Visitor: 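Structure provided below as structure tokens; questions to follow.
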Amino acid sequence: MAAVRTGGNGEHVPFILASQSPSRQALLVKAGISPVIRKSHLDEPRALEDAARSRGLKATDLSIEDRVSVLAAGKADLILHTLQSVVETEHRVQGDLVVVRPLDGQAACPAQVRPMQQAVRSWSGMAQAKVGPLLLGCDSLFTLDGRILGKPHRPEIAMERLMAMRGRTGTLVTGHCLIDVATGRRVQGVSRAKVSFGHYDQADMEAYIASGEPLEVAGSFTLEGLGGAFITGIEGDPSGVMGLSMPTLRSMVEELGLHWADLWDPVLVGAEEPVETCADPAGVVPPEGNVHQPGDGWVKCACGKQHWGLNGAAGVLLARRDKQTGAVTDVLLQHRAKWSAEGGTWGVPGGAISDGENPLEGGMRESYEEADIHPEDIQVVGSHREDHGPWGYTTILAFERPGHRVSPHMNDDESIELAWVPVDQVDSRPLLGAFGQDWPNFRRRLEGLAARN
């Protein structure tokens with residue numbers, strides 16, 4: 001479980017970025033902040049239409065400042081809803097946490113059992129936080145001659161725009177919405193910067209577009225990447241041009257009553273020694289673009305093996321029950337991507353616990369990211385933790401809530417497929433080593449819980 005760190009003028013406050021933008025993540029890391037990355041999946045056209053309709057307008061009538069503000073808030077609100085659902089799920093947990101310490105020997109150290117509600121109250125995390133985590137949503141738009149130029153997506157559109165921008169100056173506007181999840185307080189801010197472009201030829205733009213960089217960014221350019229060579233001047237905040245104005249963010253943090261240094265990760269700023277990491281034992285390399293979260297990494301364990309998760313790891317074993325009898329019929333399993341550890345095997349959706357999360361929060365985040373398991377759709381009925389001392393894996397046991405139905409969907413690249421597997425057929429699949437060893441015990445426990453509830 002991630003420890004609460006201290007930094008700056010108070011306790012370290014975890015930070016969540018509602019964006020998978022590499023440039024935004026890099027800006028935060030360089031500023032000493034290690035963000036947990038959450039993708040919002042916001043329907044941007046609908047969000048703009050709804051906002052405009054509430055004001056008696058059309059979406060095209062909204063100013064560029066209104067647009068970026070609406071989209072930044074929309075992204076943050078979607079993640080906030082998920083985080084609030086996680087906290088609500090924590091409050092209604094049932095059953096027991098069973099902790100085993102195999103390195104101590106079962107005879108000398110039998111399993112420890114305590115109520116889940118008691119365990120959650122003792123863990124650090126969102127449910128007990130008085131401040132934070134801070135959640136940031138951002139959105140950027142570029143204008144030239146009053147015309148909004150969004151992400152071009154297609155090479156021909158990018159070429160038309162880039163050639164029109166040659167030797168001219170446009171404005172990059174970035175909206176920010178910062179929410180303190182513990183209190184619900186929020187602030188918004190908008191940054192602006194003028195961007196001047198040099199004189200370049202079509203051959204350079206063909207090469208630039210072929211790189212793929214300008215296709216999925218506002219205005220068809222980046223300052224921090226290949227596009228920086230074609231920019232001759234910035235009037236205003238350069239970081240805002242990269243999608244996140246750091247001075248604007250600092251002002252917003254202070255408006256919420258926090259010190260900027262409270263967001264610093266002590267490891268990044270050198271106030272705390274980093275956890276010693278080691279290479280993937282199988283030499284596995286994640287695909288390009290795979291999101292790196294704080295807490296990701298391999299650690300050498302006292303058991304002699306290497307385990308994933310600097311703060312430990314967690315996952316959700318979700319069971320489906322017969323509507324008439326209540327008996328367990330299926331469990332939701334993940335067929336792990338070939339590039340992952342023990343790739344090609346089956347196990348529960350899960351992964352490394354991020355800084356600031358407790359095992360329940362980490363397991364629910366990972367299961368949402370990998371399998372689209374929404375916290376509000378499940379009832380946690382217990383958990384099992386294999387504790388190796390500085391590292392451990394927590395399996396969250398859960399049922400679908402009455403009246404709710406989980407339809408799994410792959411939200412990232414860590415799965416080959418997701419499937420509801422009949423409990424009698426689980427053993428017939430190639431299982432992840434640790435899950436395969438624990439499955440008979442998990443099945444007995446799930447069936448016993450179903451019989452009592």
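For clarity, every value in this text was computed on a predicted model and none was experimentally measured.
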Visitor: Would you please test Leu360 and Val93 for side chain to side chain contact (heavy atoms under 4.5 Å, CB included) and show each step?
Guide: CA-CA 10 Å; Leu360 181 55; Val93 295; 3.8 Å; yes
Visitor: Can you confirm whether Thr395 sits close enough to Asp438 that some side-chain heavy atom of one is under 4.5 Å from a side-chain heavy atom of the other?
Guide: no
Visitor: Do Thr183 and Val131 have side chains that approach each other closer than 4.5 Å (heavy atoms only, starting at C-beta)?
Guide: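 In short, these two side chains do not touch, never coming nearer than 4.5 Å.
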Visitor: Compute the centroid of each ring, for Phe230 and then for Tyr208, and state whether the two points are separated by less than 6.0 Å.
Guide: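 Yes - the distance between ring centres of Phe230 and Tyr208 falls below the 6.0 Å cut-off.
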Visitor: Under a 4.0 Å threshold between the charged nitrogen and the carboxylate oxygen, would Arg365 count as salt-bridged to Glu361?
Guide: no
Visitor: Measure the CD-CD distance between Glu44 and Glu49 for me, rounded to the nearest 0.5 Å.
Guide: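 Spacing of CD (Glu44) from CD (Glu49) equals 12.0 Å.
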Visitor: When rounded to the nearest 0.5 angstrom, what is the spacing between CD in Glu414 and CD in Glu370?
Guide: 4.5 Å
Visitor: Show me the donor-acceptor pairs within less than 3.5 Å that the side chains of residues 56-78 make with the rest of the protein, sequence neighbours left out.
Guide:
from, atom 1, to, atom 2, distance (Å)
Asp61, OD2, Lys58, N, 3.1
Ser63, OG, Asp66, N, 3.1
Ser63, OG, Asp66, OD2, 3.3
Glu65, OE2, Arg192, NE, 3.3
Asp66, OD2, Arg55, NH1, 3.2
Arg67, NE, Leu62, O, 3.2
Arg67, NH2, Ala59, O, 3.4
Arg67, NH2, Thr60, O, 3.3
Ser69, OG, Glu65, O, 2.9
Lys75, NZ, Cys138, O, 3.1
Lys75, NZ, Asp139, OD1, 2.9
Asp77, OD1, Arg186, NH1, 3.2
Asp77, OD1, Arg186, NH2, 2.5

Visitor: Could you check if a side-chain atom of Ile231 sits within less than 4.5 angstrom of a side-chain atom of Phe221, using non-hydrogen atoms only?
Guide: yes
Visitor: For residues 26-73, pull every pair meeting ring pair (Phe, Tyr, Trp, His ring centres under 6.0 Å), keeping only residues two or more places apart or in separate chains.
Guide: none
Visitor: As an exercise, state the distance from NE2 of His81 to CD of Glu88, rounded to the nearest 0.5 Å.
Guide: 8.0 Å
Visitor: Please give me the minimum heavy-atom distance between Ser383 and Ile396, naming the atom from each residue.
Guide: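 Shortest heavy-atom contact: CB-CD1, 4.1 Å.
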Visitor: Taking only residues at least two apart or on different chains, which pairs with a member in residues 235-258 satisfy side-chain hydrogen bond (donor to acceptor under 3.5 Å, both in side chains)?
Guide: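 Residue pairs with at least one partner in residues 235-258: Asp237-Ser239, Asp237-Ser245, Ser245-Thr248, Arg250-Glu254.
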Visitor: Is the closest side-chain donor-acceptor distance between Glu386 and His384 under 3.5 Å?
Guide: no
Visitor: Can you check whether Val406's main-chain N or O pairs, donor with acceptor, with Arg320's side chain at less than 3.5 Å?
Guide: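 Yes; judged by distance alone, with no hydrogens or angles, the pair exists.
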Visitor: Checking Ser415 against Gln334: is there a side-chain donor and acceptor pair closer than 3.5 Å?
Guide: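 Note: Gln334 and Ser415 side chains meet the donor-acceptor criterion.
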Visitor: Among Asn411, Asp412, Leu418, exactly one meets side chain to side chain contact (heavy atoms under 4.5 Å, CB included) together with Asp372. Which residue is that?
Guide: Asn411
Visitor: Between Ile234 and Lys194, does the side chain to side chain contact (heavy atoms under 4.5 Å, CB included) criterion hold? Intermediate values first, please.
Guide: CA-CA 6 Å; Ile234 301 290; Lys194 292 183 179 180; over 6 Å; no
Visitor: Please report the interatomic distance CG(Leu80) to CG(Leu83), rounded to the nearest 0.5 Å.
Guide: 6.5 Å
Visitor: Under 3.5 Å, side chain of Tyr393 to main-chain N/O of Ala434, donor-acceptor pair present?
Guide: no
Visitor: Report, as yes or no, whether the 6.0 Å neighbourhood of atom CZ on Arg154 holds more than 12 heavy atoms from other residues, nucleotides or ligands.
Guide: no
Visitor: Taking the side chain as every heavy atom from C-beta outward, state whether Ile209 and Leu162 have any atom pair closer than 4.5 Å.
Guide: yes
Visitor: Can you classify the ring geometry of His388 versus Trp391 as parallel (below 30°), tilted (30 to 60°) or perpendicular (above 60°)?
Guide: perpendicular
Visitor: Any chance the side chains of Gln112 and Asp387 put a donor and an acceptor closer than 3.5 Å?
Guide: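 No, no side-chain donor-acceptor contact under 3.5 Å.
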Visitor: Throw together a table of side-chain donor-acceptor distances under 3.5 angstrom for residues 24-39, partners on residues two or more places apart or in other chains.
Guide:
from, atom 1, to, atom 2, distance (Å)
Arg24, NE, Gly243, O, 2.6
Arg24, NH1, Ser19, OG, 3.2
Gln25, NE2, His292, O, 3.0

Visitor: Go through the steps for Asn358 and Gln128 under the test side-chain hydrogen bond (donor to acceptor under 3.5 Å, both in side chains), then give the verdict.
Guide: CA-CA 10 Å; Asn358 65 39; Gln128 310 304 325; over 6 Å; no
Visitor: Taking salt bridge (Lys or Arg N to Asp or Glu O under 4.0 Å) as the definition, give me every residue that meets it alongside Arg53, ordered by chain and number, with sequence neighbours left out.
Guide: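 Expected list: Asp50.
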Visitor: Could you measure the distance from the CG atom of Leu149 to the CG atom of Leu141? Nearest 0.5 Å is fine.
Guide: 9.5 Å
Visitor: As an exercise, state the distance from CD of Glu400 to CG of Leu318, rounded to the nearest 0.5 Å.
Guide: 5.5 Å
Visitor: Would you say Pro14 and Leu134 make side-chain contact, with heavy atoms under 4.5 Å?
Guide: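 A side-chain contact is absent here, since even the closest heavy-atom pair is not under 4.5 Å.
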Visitor: Which pair of heavy atoms, one from Gly295 and one from Asn311, lies closest together, and at what distance?
Guide: CA-ND2, 3.8 Å
Visitor: Would you say the side chains of Gln117 and Arg92 form a donor-acceptor pair under 3.5 Å?
Guide: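 On atom types as modelled, these side chains do not qualify, holding no pair under 3.5 Å.
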Visitor: Nearest heavy-atom pair of Val299 and Gly309: which atoms, and what distance?
Guide: CG2-O, 4.0 Å
Visitor: Got a sec: does the CZ of Arg114 have more than 12 other heavy atoms crowding it under 6.0 Å?
Guide: yes
Visitor: May I have the list of side-chain donor-acceptor pairs in residues 341-350 shorter than 3.5 Å, sequence neighbours left out?
Guide:
from, atom 1, to, atom 2, distance (Å)
Glu342, OE1, Gly433, N, 2.9
Thr345, OG1, Glu342, O, 2.6

Visitor: Are side-chain heavy atoms of Leu317 and Phe435 found at a separation under 4.5 Å?
Guide: yes
Visitor: Please check if the side chain of Asp262 supplies one atom and the backbone of His259 the other of a donor-acceptor pair under 3.5 Å.
Guide: yes
Visitor: Okay, side chain of Ser354, backbone of Pro294: is any donor-acceptor separation there less than 3.5 Å?
Guide: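 Pair found, side chain donor or acceptor close to backbone of Pro294.
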Visitor: Which heavy atom in Val328 sits nearest to a heavy atom in Leu446, and how many Å separate them?
Guide: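 Result for this residue pair: CG2-O, 3.8 Å.
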Visitor: Do the side chain of Ser85 and the main chain of Pro375 share a donor and acceptor less than 3.5 angstrom apart?
Guide: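 Between the backbone of Pro375 and the side chain of Ser85 there is no qualifying donor-acceptor contact (under 3.5 Å).
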Visitor: Scan side-chain atoms only and decide if Glu213 and Thr222 contain a donor-acceptor pair under the 3.5 Å cut-off.
Guide: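 Short answer, yes.
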Visitor: Do Val187 and Arg185 have side chains that approach each other closer than 4.5 Å (heavy atoms only, starting at C-beta)?
Guide: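 Not touching, per the 4.5 Å side-chain cut-off.
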Visitor: Quiz question: by atom type and distance under 3.5 Å, do the side chains of Asp377 and His404 form a donor-acceptor pair?
Guide: yes
Visitor: Quick one, Gln379 and Gln94 - any side-chain contact, counting heavy atoms below 4.5 Å?
Guide: yes
Visitor: Looking only at non-hydrogen atoms, find the nearest pair between Leu97 and Arg385 and report the distance.
Guide: CD1-CB, 4.1 Å
Visitor: For Thr89 and Met364, work out which heavy atoms get closest and say how close.
Guide: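 Taking Thr89 first and Met364 second, the nearest heavy atoms are CG2-SD, 3.7 Å.
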